[in-house]
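Step one of this worksheet: look at the structure below.
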Amino acid sequence: GQQVMQIPQYQHVQEGEDFTTYCNSSTTLSNIQWYKQRPGGHPVFLIQLVKSGEVKKQKRLTFQFGEAKKNSSLHITATQTTDVGTYFCAGPARDYKLSFGAGTTVTVRA
Amino acid sequence: ETGVTQTPRHLVMGMTNKKSLKCEQHLGHNAMYWYKQSAKKPLELMFVYSLEERVENNSVPSRFSPECPNSSHLFLHLHTLQPEDSALYLCASSFSGDPNYEQYFGPGTRLTVT
């Protein structure tokens, strides 16, 4: 079945630096969704990408959907301590099921 | 964020106990979900209800029994659980059961089975 893979699993970042996390699907996706889960919290929807090659920005976060609609990336610039958490990508797997990646857990060194 | 609420937030139960988890959504959504989140594992979909009808049972053991009395409420009845069932149980809702819609999660119930 359709699987969504994320890399890296962990990202340790110096405050102020940039980083990118990647999401890859074994099949073409109709859309990709990104969620953030703060430590001790629950997943919160961030954004959805639908079009091939689409790029969306939320302040310091840039989300991109690949041309083939099988991969996506999240790039964070000038990382802050508020960026700490786990970032999940998710794509439709079949009727009623959203397949979540394992997530990238981000820690920030001040 | 109070769109989706869950009670209790924490639960400790023995293997012979029976307990229930409750979820309520105030978003007017038509689909509700139960997920299990264990340490170092991806989110595992357990059950999906769309318009109060169960449409997905993702090979979940019978010791977990869901109930959806209306589109705003979802329960997960637990009985004779195992220690490996200890996890964060998350409820979510969406506009419909179509996975192209984003999901809104509740704060979760942290379950410990002793």
Side-chain angles (χ1 to χ4, degrees), chain A residues 1-11 21 23-51 54 56 58 63 65 69 72 85-105 107, chain B residues 1-6 9-10 21 23 25 27 29-60 66 68 87-110:
Chain A
Q2 185 263 347
Q3 289 187 332
V4 176
M5 310 296 289
Q6 280 187 259
I7 53 170
Q9 186 177 0
Y10 298 99
Q11 183 82 54
T21 178
C23 178
N24 297 292
S25 170
S26 55
T27 59
T28 301
L29 299 170
S30 58
N31 71 87
I32 191 90
Q33 300 175 23
W34 285 89
Y35 293 76
K36 177 184 179 181
Q37 185 173 16
R38 295 181 185 275
H42 57 278
V44 174
F45 172 75
L46 293 178
I47 207 160
Q48 183 184 51
L49 305 171
V50 179
K51 299 178 183 177
E54 187 172 13
K56 288 187 176 181
Q58 289 182 348
F63 303 84
F65 203 7
K69 301 182 75 173
S72 181
T86 301
Y87 294 83
F88 297 97
C89 63
R94 60 172 189 271
D95 287 350
Y96 307 111
K97 182 173 181 179
L98 193 61
S99 178
F100 283 84
T104 295
T105 299
T107 55
Chain B
E1 300 170 9
T2 58
V4 181
T5 57
Q6 288 186 243
R9 296 291 307 275
H10 300 272
L21 310 185
C23 175
Q25 60 96 1
L27 301 169
H29 288 165
N30 294 310
M32 296 187 76
Y33 309 79
W34 280 116
Y35 286 90
K36 177 183 179 182
Q37 188 175 43
S38 306
K40 302 182 180 180
K41 283 188 177 181
L43 279 166
E44 299 174 58
L45 179 65
M46 300 176 72
F47 301 103
V48 181
Y49 277 83
S50 179
L51 296 173
E52 301 156 44
E53 179 183 346
R54 190 192 310 181
V55 295
E56 179 84 18
N57 178 343
N58 209 30
S59 303
V60 179
C68 186
L88 180 67
Y89 288 85
L90 291 160
C91 173
S93 72
S94 64
F95 176 74
S96 83
D98 183 337
N100 292 296
Y101 287 97
E102 68 268 25
Q103 296 183 8
Y104 294 82
F105 287 81
T109 295
R110 175 70 60 185

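In what follows, chains carry the letters A, B, and so on, assigned in the order in which the sequence lines appear, proteins first and then strands, with residues in each chain numbered from 1.
The environment of B/F95 atom CZ is sparse: at most 12 non-hydrogen atoms of other residues, nucleotides or ligands sit within 6.0 angstrom.
Between atom CD of residue B/Q37 and atom CZ of residue A/F88 there is a gap of 5.0 Å, rounded to the nearest 0.5 Å.
A pairwise comparison of heavy atoms in A/H42 and B/F105 identifies CD2-O, 3.3 Å as the closest pair. Residues B/L43 and A/P43 come closest through the heavy atom pair CD1-CG, 4.2 Å. In plain terms, the two heavy atoms of B/N100 and A/S30 that are nearest each other are OD1-OG, 2.7 Å. Here the shortest heavy-atom pairing between B/P42 and A/G101 reads CB-O, 4.2 Å.
At a heavy-atom cut-off of under 4.5 Å, chain B is reached by A/Q33, A/Y35, A/Q37 from residues 33-40 of chain A, listed in order of number.
Of the atoms belonging to B/Y33, it is side-chain heavy atoms, and not backbone ones, that fall under 4.5 Å from chain A. Contact annotation for B/E102: both backbone and side-chain heavy atoms come within less than 4.5 Å of a heavy atom of chain A. Only the side chain of B/V48 has a heavy atom closer than 4.5 Å to any heavy atom of chain A.
Counting heavy-atom pairs closer than 4.5 Å to chain A, the top-ranked of the candidates B/S94, B/S50, B/G108, B/G106 is B/G106.
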